[in-house]
Number of protein chains: 4
Amino acid sequence: MIPEKENNRERILKAAEKIFAEKGYDASRIDEIAANAGVNKALIYYYFQSKYSLLEELFRRFFQESAAMLVSYVQHGGLDSTPSKKADQIFDTYFSYFEEKRDLLRIMLVESLKTGGDAPPIFKLVDFEDLVDEATITSIFDSGHYPSNNMDLRLVAEFFTGVIPMLCYVLFQDHWCRYFNVSREQLRSYFNQAMKLTHEAYHRAMRDQLSGESPR
Amino acid sequence: MIPEKENNRERILKAAEKIFAEKGYDASRIDEIAANAGVNKALIYYYFQSKYSLLEELFRRFFQESAAMLVSYVQHGGLDSTPSKKADQIFDTYFSYFEEKRDLLRIMLVESLKTGGDAPPIFKLVDFEDLVDEATITSIFDSGHYPSNNMDLRLVAEFFTGVIPMLCYVLFQDHWCRYFNVSREQLRSYFNQAMKLTHEAYHRAMRDQLSGESPR
Amino acid sequence: MIPEKENNRERILKAAEKIFAEKGYDASRIDEIAANAGVNKALIYYYFQSKYSLLEELFRRFFQESAAMLVSYVQHGGLDSTPSKKADQIFDTYFSYFEEKRDLLRIMLVESLKTGGDAPPIFKLVDFEDLVDEATITSIFDSGHYPSNNMDLRLVAEFFTGVIPMLCYVLFQDHWCRYFNVSREQLRSYFNQAMKLTHEAYHRAMRDQLSGESPR
Amino acid sequence: MIPEKENNRERILKAAEKIFAEKGYDASRIDEIAANAGVNKALIYYYFQSKYSLLEELFRRFFQESAAMLVSYVQHGGLDSTPSKKADQIFDTYFSYFEEKRDLLRIMLVESLKTGGDAPPIFKLVDFEDLVDEATITSIFDSGHYPSNNMDLRLVAEFFTGVIPMLCYVLFQDHWCRYFNVSREQLRSYFNQAMKLTHEAYHRAMRDQLSGESPR
DNA sequence: TATGAATGAGTGTTCATTCAT
DNA sequence: TATGAATGAACACTCATTCAT
């Protein structure tokens, strides 16, 4: 009831997200996270096992929240029935979600680029199988409308020419504006045009292929 | 001509590139680079100012080499005159170059994602102005054929829907194959299709727009 | 009568004894003792002043129990009147008591070896003056039968050639069996022979000296 | 040639020996060892892998030195041919060596009392097989003169009724004097008497058994 | 050029102990 | 009595960097 009296655990996570995003995981210091959360350093180890488990908790929450968002989005009839509008909607939704979670996504991309570990966490952005039920996935990707033998192609295309460009746009836009001396609005407009000409072209091609495959 | 001597500096750089690629910049240790180069740790500081300047030198060489490659490519008449074939050629050339320099590009992307510092080094992949002469740039991007008021759009599109997808493909392909259980060949084929349907569509659109703009 | 209640203090002490014995005092952690006792960590500080006072309480109880054992042993006429048999009896009694309290004795010896603090607690093993009444001491050590001017010698001899070897035997027997590849029974037999040939020889000598001193 | 310009490595080891002996291994702090050696803390890690490897090096040197001492002692005709005198000589030699190495022996006994690890290092005090050649061992223990089937008994007796009492005497003498209010000389005299009456009795018994076994 | 030795400033983590309730 | 949360002071160990030769 007292939203000000936020849990210290939450404050720690929020601080970690901020510091990790600013400096990268490796260069982030527990001391700084503690200071930023206004908390004793040892308290971090009261709530979390290690520096890395802070990161894991952030990722865990992100994917949990993403899944919840997708489900609620679908259930509340958010999706238009016209395929092209549907794609637009999904695009916009993703876009604002990416903007909102920019800091965490930055960390996630960096961690995904480390060769050593497990699967890059970023793959989960297009692979929700263990996060969301079958029906939702079907509804979102509308996979019934796509040539069924092209599931893998779909995944590859969505990831490398849809998610990745959007993600990198979100992560690099500020630097880009400064470096190339454009306004955010201009850049956004360019990026939208580029996506229309590329990724949307792909969606159109997919639909065409489909209607050619099973006409009438 | 005495390859054994005089090349401690090179051995250090080679070792740095290897260790950086294996562990990422932050997690790499000067000790390990020295050991890997078969050289005393202090010698690294004789040749280089700091750990970071090792990275800078690697980046510097990379861009220098890229530029040289571009120039020689253009000069030796490598580029076909048909626009669509030309694009294909550039695509393939970039592709194999990215594959070859994958390790360094991985580090470069990670460093580019850090918010603190200067301009992301990765922007240089589409901004050769201070690396290559005007004529070469013109020749490569054939910018004369593009609507002149769309230079910025061109840059945005090339970067976010061309370079970035290709780069991420090169960096993530191994993990993708393992995670989604596809062969490298299959994945490559999917990726090529996706790029054809997206980035190439953009190039086509650009040419169409151009011929519409200045017909006859 | 409600054994479930009221005994958190006991549970803590029991857990402390176990953990201390397993890891030694220094390496034992209050957290682990609390967990092992099924009790909140702070409760330990409700019942005890500090980690060290846990140890002190364990030592205190040990000596109290030892004293009680000695007294009851003497009072119930446990001791034979023949000196040599009496010595045997005491030897065996000590032996099994040491075996039983092995873990605590190990800690006590370690603490006794620290140079910094007070008197080594282990000295109390031969100095019961403030634990047991005079009569019992007299009865046990039969000091009336020993040359009165040799009280200190008696103490030294009992401690360094009686108590200490027995204690170390109890503490090292398992490791010895493994290291020298002997069975426990064999080792025990050797040790008994060795003690017969040494410590018992001393007791015999003492008695001889006594009968020579005050014959008839 | 400049004995003052002692190696920092040696200074570190000397300091470690001192601090370990004063506080025990666990309670000793690397910072304090560094300060005591007049050396930067990081230098300790330049010469040694870890805190524990400091201890290992100290033990290694001790046993190496012990072995060298034994060998030189035997080779320089130090040992009398009369068995009883020989035993006395060995006793005295051990005694002064133990006094000299008291600090390290204290640490070694404490470490030997830890149940977790390998074999107690203290066992090496009676098991020189891998430190010294066969001939020296034979000469020292005169094992040819002892009943050959009692080798294990001999080891047990020497360790628990010879080495251990002497060691504990050396480690506890100061505390004993303070606690029981005796002078060092008095205590030493008592201890010598006690050892004569016990351990020496054992040696005598052994010789008697031998002469009975193989007379003439 | 080259190196063995040396160091200041951290670095994540631990732990006995205390506090508020 | 009992507990979840909180903390100060370490602690072993690391690492980029420098120095003397």
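All chains are named by letter (A, B, ...) in the order of the sequence lines, taking the proteins before the strands, and each is independently numbered beginning at 1.
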Practice problem: Taking only the side-chain nitrogens and oxygens of B/Arg29, find out if one of them lies under 4.0 Å from OP1 or OP2 of F/dA16. | Solution: yes
Quiz item: On a whole-Å scale, what distance lies between the C1' atoms belonging to E/dT1 and F/dT21?
Solution: 12 Å
Quiz item: Roughly how many Å is it from CD1 in A/Ile19 to C1' in E/dG12, rounded to a whole number?
Solution: 16 Å
Practice problem: Using atom CG of C/Asp26 as one end and atom P of E/dT14 as the other, report the distance to the nearest whole Å. | Solution: 18 Å
Quiz item: Would you say the side-chain atoms of D/Tyr25 pair up with the backbone N or O of D/Tyr52, donor to acceptor, closer than 3.5 Å?
Solution: yes
Practice problem: Kindly say whether A/Glu10 contributes a backbone atom to a donor-acceptor pair with the side chain of A/Tyr47 at under 3.5 angstrom? | Solution: no
Quiz item: Is the shortest distance from a Lys or Arg side-chain nitrogen in B/Lys14 or B/Glu17 to a carboxylate oxygen in the other one below 4.0 Å?
Solution: no
Practice problem: Report the base-pairing partner of E/dT14 (Watson-Crick or G-U wobble, both distances below 3.5 angstrom), or none. | Solution: F/dA9
Quiz item: OP1 or OP2 of F/dA6 sitting under 4.0 Å from any side-chain N/O of A/Asn8?
Solution: yes
Quiz prompt | Atom pair distance, as rounded to whole Å: CD in D/Glu32 and C1' in F/dA10 | solution = 13 Å
Quiz prompt | Upstream residue (5' side of DNA chain E) when C/Ile30 and A/Tyr25 are each assigned their closest nucleotide | solution = A/Tyr25
Quiz item: Does D/Arg106 use its side chain to pair, donor to acceptor, with the backbone of C/Leu113 at less than 3.5 Å?
Solution: yes
Quiz item: Short question: side chain of B/Lys51, backbone of B/Ser28 - any donor-acceptor pair under 3.5 Å?
Solution: yes
Quiz item: Can you check the A/Asp31 CG to F/dT7 P distance for me, whole Å?
Solution: 14 Å
Quiz item: With no hydrogens and no angle check, is any side-chain donor or acceptor of D/Ser53 less than 3.5 Å from a backbone partner on D/Glu56?
Solution: no
Quiz prompt | Atom-to-atom span, CG of B/Asn7 to C1' of E/dA2 - whole angstrom | solution = 14 Å
Quiz prompt | Under-4.0 Å salt bridge between B/Lys41 and B/Asp31 | solution = yes
Quiz item: Which one is paired to F/dT21, where only Watson-Crick or G-U wobble pairs with both distances under 3.5 angstrom count?
Solution: E/dA2
Exercise. Using whole Å, report how far CZ of D/Arg11 lies from P of E/dT7.
Key: 10 Å
Practice problem: Return the residues of residues 39-54 of chain A meeting this criterion: a heavy atom under 4.0 Å from some atom of DNA chain E. Order them by number, or give none. | Solution: A/Lys41, A/Ala42, A/Tyr45, A/Ser50, A/Lys51
